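Here the structure comes first, spelled out in structure tokens, and everything after it is commentary.
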Amino acid sequence: MIMLPGAAITHANFANIVHDIALLNNLGVRIVIVHGARQQIDAKLENHGIDSVIHHGSRVTDTASLSHLIEAIGSTRFAIEAALSTGLPNSPMHHANLHVRSGNFVTAMPRGVVDGVDLQYTGKVRAVDAHGLDEMLFNGAIALVSPIGYSVTGEVFNLTYTEVATQIAIELGADKLIAFTKENGVINDAGELQKQLTLLQCEKFLLKKETTDSHFSLKACYRACDQGVNRAQIISYIEDGGLIKELFTRDGFGTMVHRDSYETIRRARIDDVGGILELIEPLEAEGILVRRSRELLEQEVGHFTVMEIDGTIIACSALYPFVQDNAGELACMVTHPDYQGQSKAAKLLSHIEKQASKLTMTQLFVLTTQTAHWFLEQGFTESTLEILPQEKQTIYNYQRNSKIFVKRLKS
Ligand SMILES: CC(C)(COP(=O)(O)OP(=O)(O)OC[C@H]1O[C@@H](n2cnc3c(N)ncnc32)[C@H](O)[C@@H]1OP(=O)(O)O)[C@@H](O)C(=O)NCCC(=O)NCCS
């Protein structure tokens, strides 16, 4: 689900966003775009000398402004359809052949009278035709939905695009909601970008009750995640490549909102080798970890356990069994720098300890050069070479001079 405010559509970077959408569509990603038109509506009403009444952040849509509003929303939609239809030979859209479909997917009803003010043709979403949308997406089309809904009485209602997008994302069970805003994500009071927000953290930001686009976008992300959408992301429409960075890089872009239990710990598979290498290579280069070739890692990947967030490996560790000694060697314990200090490695270790106990291991040992204190804090104690299985003693690298730590496991 892509949520595009009206201001994004007139911005110079919009052409790049369109190229990214085309690329995603060609890769088979199913896309629904819901657009806003606040800027276009404001301009249209101003041209006609109409002053809108804003009540609790919502525009009161009277009969006089409704037709202008429909025009503004309609022309905004046409501008998006036109941009998605380009195909000039010297542009990334050449042969893109995107199929864009719109329709009566949203049934609306009036908001009614709020605190004594009749909002008239300002409505809210009553129902979404998820089946109709699904069918179009299944056929490879991009669904383009405007912030307009029709009531069962045949009237047209002005809707908030963030509400439309959220409701559709929830009904479709979207994997992700991407909210384009002017700012790239949520900035805290210290002026720092919040790269991730849990729903609980989100609530604190939402307490501020602002009426900015970013605030409404955050609210939409919160609601979507609270009701089943796995992730939501707030990214800037000003910067080129944000959408692609968000979807295809470990660090993403902007702010990610997620439900609390979004990380998974599992046994590594062969297709995780690339992700594990990305994590461990910088540490091998620094001499903190012993170098492993890709070939060796491919052979040993079955010993690895990984922690994954949003399809990306953010921590890993290996457990090598020494069956005769009822012992296991813990190695390659790494957390990506962006996620350190959040107990990820501690959780991974506790998972591996349970795994080791099931394999009837009674103790874990680890050889480390620079992480002694971390292991001490995890209940390991320093030990000597003699404690190691014979097989391990013979290959101990005296030059590396690693310290040896041991932890007895509860049975
Ligand atoms: C060690 C490491 C795996 C910890 O990952 P993590 O997910 O941040 O771990 P946790 O959140 O559970 O623990 C963080 C705590 O460990 C401390 N810590 C991190 N590295 C440490 C080190 N080398 N020595 C001592 N303490 C360390 C942090 O300061 C933090 O303490 P704090 O909460 O009091 O500030 C991570 O720092 C890392 O990947 N380091 C580089 C690789 C490495 O040395 N691996 C071990 C070789 S086997």
Side-chain angles (χ1 to χ4, degrees), residues 190 192 194-196 198 201 250-252 256 258 260-268 272-293 296-297 300-310 312-322 327-356 361 363-385 387-389 392-393 395-407 409:
E192 298 153 346
Q194 295 289 135
K195 289 203 89 169
Q196 299 165 29
T198 61
Q201 290 168 320
R250 174 199 304 283
D251 302 342
M256 178 169 79
H258 57 83
D260 297 337
S261 55
Y262 76 128
E263 66 190 22
T264 48
I265 298 180
R266 59 169 175 80
R267 194 62 81 79
D272 294 322
V273 167
I276 296 174
L277 273 174
E278 251 184 71
L279 268 186
I280 65 176
E281 269 174 352
L283 296 156
E284 290 176 349
E286 283 180 54
I288 296 174
L289 297 180
V290 178
R291 199 172 284 280
R292 282 171 174 74
S293 65
L296 183 66
L297 197 59
E300 294 190 344
V301 73
H303 294 303
F304 276 75
T305 299
V306 292
M307 182 181 274
E308 190 181 52
I309 291 183
D310 207 13
T312 305
I313 294 171
I314 60 107
C316 70
S317 183
L319 175 67
Y320 295 94
F322 287 81
E329 178 184 5
L330 194 71
C332 242
M333 172 68 81
V334 179
T335 303
H336 185 272
D338 282 354
Y339 297 89
Q340 287 180 8
Q342 299 170 28
S343 303
K344 304 290 185 207
K347 277 188 211 164
L348 197 57
L349 176 62
S350 141
H351 183 92
I352 290 174
E353 284 176 8
K354 285 186 195 126
Q355 210 179 322
M361 291 178 192
Q363 66 175 20
L364 285 186
F365 65 88
V366 64
L367 274 65
T368 182
T369 52
Q370 295 180 25
T371 323
H373 281 205
W374 189 81
F375 286 107
L376 283 175
E377 284 171 25
Q378 305 302 320
F380 283 75
T381 49
E382 190 163 0
S383 194
T384 51
L385 195 61
I387 195 87
L388 297 182
K392 189 73 193 173
Q393 286 186 31
I395 54 166
Y396 181 81
N397 183 341
Y398 284 92
Q399 217 174 354
R400 195 166 160 78
N401 196 21
S402 304
K403 291 190 172 175
I404 298 163
F405 289 87
V406 174
K407 184 171 182 178
L409 296 176

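Quick caveat, the model's predicted, so the values are computed rather than measured. Whatever order the structure lists ligands and atoms in, that order sets their numbers, starting from 1.
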(Q) If you take the centroid of each ring, where Trp contributes its six-membered ring, are Tyr398 and Tyr396 closer together than 6.0 Å? (A) yes
Nearest heavy-atom contact between Met361 and Gly328 is SD-CA, 3.6 Å
Checklist entry - Under 4.5 Å between any side-chain heavy atoms of Ser317 and Leu330, yes or no? => result yes
Counting only non-hydrogen atoms and a 4.0 Å cut-off, the residues near ligand 1 are Leu283, Ile288, Leu289, Met333, Val334, Thr335, Gln340, Gly341, Gln342, Ser343, Lys344, Ala345, Ala346, Gln370, Thr371, His373, Trp374
Quiz item: Is there side-chain contact between Phe375 and Lys403, with at least one heavy-atom pair below 4.5 Å?
Solution: no
What's the verdict on ring-ring contact (aromatic ring centres under 6.0 Å, His included) for Phe365 and Phe380, showing C-alpha distance, side-chain angles and the deciding distance? CA-CA 8 Å; Phe365 65 88; Phe380 283 75; 9.7 Å; no
Gln201 meets the side chain to side chain donor-acceptor pair (under 3.5 Å) criterion, sequence neighbours left out, with Thr198
